[in-house]
Amino acid sequence: MNVSSKNGSFVDFYDLFPRTVGNVWQPFVTVAPLGNPLKGQVLVHEEQSNVVLLLDTNNGALRQLLLSPDDQESPKRTSWWISKEETSSYKMCREFSHKNWLVFYKEEGNRLIVLDVLEGQTHTISLPINLKSVFLVAEDRWLLVENGTNKKFLLTKRAHMEAEDSEVCQLYALNEEPADMGFGLTTASELSVPHAVSSDQLSSENLSAAVGQKISSPNRIFSDEYNYATIVIGFPDLLSPSEVYSWKRNSSLSRNASPSDSFYYGARRKRGAAKQTNCVTLLASNQIVRILPPGDVPLKDIYPKDVTPPQAAGYLEVTDLNSKKIKYIAIPSSGSLSPYTSWLSKISDADALLAPLGKVGLVSVDMGGGVRLWETGLDSLQRSLQDWRNMIGQEDGRPVQITIQRDSGLDVSSPKHGKVDPKNMPHVGGNTWAGGTGGRDTAGLGGKGGPYRLDAGHKVYQISQAEKDAVPEEVKRAAREMGEKAFKQRLKEIQMSEYDASTYERFSGAVRRQVQSLRIILDNLQAKGKERQWLRHQAVGELDDAKIIDGLTGEKAIYKRRGEHEPQPGSPQQKPKRLRLVVDVSGSMYRFNGVDGRLERSMEAVCMVMEAFENYEHKFKYDIVGHSGDGFNIALVGSDKVPKNNKQRLEILKVMHAHAQFCMSGDHTLEGTEHAIREIAKEEADEYFVIVLSDANLERYGIKPSRFAEVLTTNSQVNAFAIFIGSLGDQADRLQRTLPAGRSFIAMDTKEIPQILQQIFTSTMLSSA
């Protein structure tokens, strides 16, 4: 599954691992994803038969790997398996699978098998102890737990890439002493087996926050059934005595907990600990997260007495070492059941499994196959919250607009404005009221056959694009004519209206500081255009009268010629720079303004440019054009007719809003950008800039990002850039990644635009002419 997309790939293993073989055997499979150059390939290990398979998820190829010559490739798949259960199983250590090597061992065995997948080689390490668990705490240092005694040993060896088959490893016994004041281990009989050990260390910042003092040292973080978390300072790099910090549980985790729902599982799980501990260390977040069954969760402390805890597949227990708090998050019960449900009773104490996802994420899978992605770290949650706010708009008092898909199932008749509801109640469907959603014939949002858009501030019920496309041509034509008539009427009203100071202040006040910042940037702009002048000290050209004496002494560079010369830093501009601002006034700007405020943000940006560039005509000539479904060169501000006062500037902002409301659906971003680049280069100027303000909604109209990238780089003389001021989901991020570096920016807040313009202007000064 690619978490950044909506799709995942599926490989059916039923032929390899049927649900039962003789109603006795049930396989326990673990997987390990490999890294470059084997990215996309996964190692599959069955713990009872020790079968190792290599799966290529790119093409579905599957092959078996033999760990030792003793393994025989079976002629039949069923001969991999046996009819009675083994008392011990084989384990795979996958901490460094991203580096394409893994370690295998047998419980109660005394051998470690190191598999190098890339080289196709294995080597064996023989030990003087029988193994219970192995943790790869570093590439060259492994923590071993002895079977029966739970004593810990540290195996040191050279890093895997430097290892040789004949190398001798060192084995050090680790002594655990009881801690004072009742913390940690109190008797030797309580030596526990870790459930999870980190394979890397906490950063100095996180380590200092966890132990409450400024410290920088090698360290590892542990978790077991007696402690929420344990940090061992100095381990594994230093062999001297280590300080141990533990956060002890009030009572140990139950070793034989019943499954959450015995009805689905049937019999109680057999004796012994579950094979999957469901414990993950998140070093970047300074957290340990595990899934616990409800029986191990203090539900009485979490829920009030009058509240019944919900049915849950289990609970995420989040131990946060920064805040020193324990948090519990209920995992919803599965809505469906899998044929493999009964296996979970042998695999997990809870009805779900847990694995890390990246550095700060988690992924859980419940017994119905439901996959959930989790974020628990404070920093990552704050970043995600900010992304969400950027996507749906800031907390500025506006109601958040929600879009709900629906089918009307009714035919259109003829377009009309519709009745105005004096109470402004929400109307869904129908063809009576203006400002309704998901209806037909009337002005509103999310419907079909209406003459123009009208946002009354309600939730939007959106019909499908296919239903909108099915509107008859004569109805579309009538709606278009009515929309054009309403737009012309609106333009007359704008021209005849009195100046509304409060409305203009709403836009101007929001960008007042940004205007001042932009004017400072304009003050400091330098000349870039090359000037034709006499270039002296040349080897060819006309004889320089001032160099005649030098020529008699044998000097060769005594000529001069006319040529272009780079201006000196700080020299005045001979010609003004030229800027064309191409703004998006398409229907999607109006439609989704209630979602993320993109149209108002665009109007604020235009207001900022008009105010900031006032009285800088000697340095910058600018004009502003729009693009929408109606065309690609909609004149808003001409370079020879820039607005001189607030009333004229407000009229331009009102025209932008009106055009987005009344225009036809469609997109002319490419044509508008191409036309702007072509036209601006026809004038003489010190430097050329084309800046496109867009809502990144190109994919709806089938416009490829590669085509947009071609248009931005059409003319090397013109510095063309795109600023995305709106985005549905991660549209803008995905589009930016495909455009040339430095040519696109994302500004979900108008306050960011002056800094972006400063980047644009300075980047051209640093680039070669």
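- Of all non-hydrogen atoms in V642 and S639, the two that sit nearest each other are CG1-O, 4.0 Å.
- Judged by distance alone, with hydrogens and angles left aside, the side-chain atoms of S380 form no donor-acceptor pair with the main-chain N or O of T376 at under 3.5 Å.
- Rounding to the nearest 0.5 angstrom, the gap separating the CD1 atom in I760 from the CZ atom in F689 is 8.0 Å.
- Looking at S334, its side chain does come within 3.5 Å of a backbone N or O of G368 through a donor-acceptor pair.
- For G450 against A479, the heavy-atom pair with the smallest separation is O-CB, 3.5 Å.
- With respect to R601 and E604, no salt bridge is recorded, no charged nitrogen being found less than 4.0 Å from a carboxylate O.
- In this structure, S517 contributes its side chain and R513 its backbone to a donor-acceptor pair below 3.5 Å.
- Salt bridge R512/E505: present, at least one basic N to carboxylate O contact under 4.0 Å.
- Side chain of R598 to backbone of M589: no donor-acceptor contact under 3.5 angstrom is found.
- E710 CD: more than 12 foreign heavy atoms inside a 6.0 Å radius.
- The line from OG1 of T714 to CZ of R678 is 9.0 Å long, rounded to the nearest 0.5 Å.
- Between L739 and F724 there is a side-chain heavy-atom pair separated by less than 4.5 Å.
- Side-chain atoms of L757 and I521, non-hydrogen and from C-beta on, never get closer than 4.5 Å to each other.
- How far CD of E611 is from SG of C607: 4.0 Å, rounded to the nearest 0.5 Å.
- Using a 3.5 Å distance cut-off with no hydrogens or angles, the side chains of R580 and Y622 do not pair a donor with an acceptor.
- A pairwise comparison of heavy atoms in A660 and R453 identifies O-NH1, 3.1 Å as the closest pair.
- Side-chain polar atoms of D667 and S586 form no donor-acceptor pair below 3.5 angstrom.
- Counting only heavy atoms from C-beta outward, the side chains of L670 and R707 approach each other to under 4.5 Å.
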Check against salt bridge (Lys or Arg N to Asp or Glu O under 4.0 Å), K577 and D686:
CA-CA 5 Å; K577 298 179 186 293; D686 180 76; 2.8 Å; yes

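- For Y452 and H417, the side-chain atoms include at least one donor-acceptor pair closer than 3.5 Å.
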Carefully, step by step, assess I624 and M610 under the rule side-chain contact (heavy atoms from CB on, under 4.5 Å).
CA-CA 9 Å; I624 303 174; M610 291 189 294; 4.1 Å; yes

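- The environment of CD in E684 is sparse: at most 12 heavy-atom neighbours from other residues, nucleotides or ligands sit within 6.0 Å.
- Annotation for G438 and I463: closest pair O-CG2, 3.8 Å, computed over non-hydrogen atoms.
- No side-chain heavy atom of K654 sits under 4.5 Å from any side-chain heavy atom of M656.
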Just distance, no hydrogens or angles: give the donor-acceptor pairs under 3.5 Å from side chains in residues 626-638, sequence neighbours left out.
| from | atom 1 | to | atom 2 | distance (Å) |
| --- | --- | --- | --- | --- |
| S628 | OG | D630 | N | 3.1 |
| S628 | OG | H659 | NE2 | 2.8 |
| D630 | OD1 | R480 | NH2 | 3.1 |
| D630 | OD1 | M664 | N | 3.1 |
| D630 | OD2 | R480 | NH2 | 2.9 |

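- Ionic pairing of E474 and R477 is not present here: no N-O contact between side-chain nitrogen and carboxylate oxygen is shorter than 4.0 angstrom.
- Distance alone, capped at 3.5 Å, is enough to place a donor-acceptor pair between the S333 side chain and the Q311 backbone.
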Set out, in order, the CA-CA distance, both residues' side-chain angles and the distance that settles salt bridge (Lys or Arg N to Asp or Glu O under 4.0 Å) for E493 and R490, then state yes or no.
CA-CA 5 Å; E493 293 173 2; R490 182 76 182 105; 3.5 Å; yes

Report the C-alpha distance between Y504 and R649 in whole Å, list the side-chain angles of each, state the deciding distance to 0.1 Å, and finish with yes or no for side-chain contact (heavy atoms from CB on, under 4.5 Å).
CA-CA 8 Å; Y504 184 75; R649 285 190 279 269; 3.0 Å; yes

Given the rule in the side-chain contact (heavy atoms from CB on, under 4.5 Å) test, do V690 and V582 qualify, once you have shown the distances and angles that lead to the verdict?
CA-CA 7 Å; V690 169; V582 183; 4.1 Å; yes

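- Between H657 and Y590, the ring-plane angle classifies as perpendicular under the 30° and 60° cut-offs.
- Residues W374 and S364 come closest through the heavy atom pair NE1-OG, 2.8 Å.
- Contact check for L445 versus L454: no side-chain heavy atoms found under the 4.5 Å cut-off.
- Rounded to the nearest 0.5 angstrom, Q514 CD and M608 CE are separated by 7.0 Å.
- Residues V655 and I494 meet the side-chain proximity criterion, which asks for heavy atoms closer than 4.5 Å.
- What you find for A612 and L522 is that their closest heavy atoms are O-CD1, 3.7 Å.
- Considering OG of S602 and CG of D584, their distance stands at 7.0 Å, rounded to 0.5 Å.
- Between K448 and V475, every side-chain heavy-atom pair lies at or beyond the 4.5 Å cut-off.
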Check the pair E683 / R578 against salt bridge (Lys or Arg N to Asp or Glu O under 4.0 Å), numbers first and verdict last.
CA-CA 8 Å; E683 306 177 32; R578 192 70 174 83; 2.9 Å; yes

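- Using modelled atom types, one side-chain atom of T437 and one backbone atom of Y461 make a donor-acceptor pair closer than 3.5 Å.
- In this structure, the side chains of P576 and F620 stay at 4.5 Å or more apart for every pair of heavy atoms.
- The distance from atom CG of L599 to atom CD1 of I725, rounded to the nearest 0.5 Å, is 8.0 Å.
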So I756 and F721, side-chain contact (heavy atoms from CB on, under 4.5 Å) or not? Walk me through it.
CA-CA 10 Å; I756 292 173; F721 302 88; over 6 Å; no

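- Between R591 and D455, none of the side-chain N atoms (NZ, or NE/NH1/NH2) sits under 4.0 Å from a carboxylate O, so this pair counts as no salt bridge.
- K619 contributes a side-chain N or O that, together with a main-chain N or O of D523, makes up a donor-acceptor pair within less than 3.5 Å.
- Look at E498 and K647 and you find no salt bridge, because none of the NZ, NE, NH1 or NH2 atoms lies under 4.0 Å from a carboxylate O.
- N719 places a side-chain N or O within 3.5 Å of a backbone atom of Y688 that can act as its donor or acceptor partner.
- Side-chain contact check for E375 and S384: at least one donor-acceptor pair (N or O, by modelled atom type) lies under 3.5 Å.
- The backbone N or O of V363 lies less than 3.5 Å from no partner atom in the side chain of R372, so there is not a single donor-acceptor pair.
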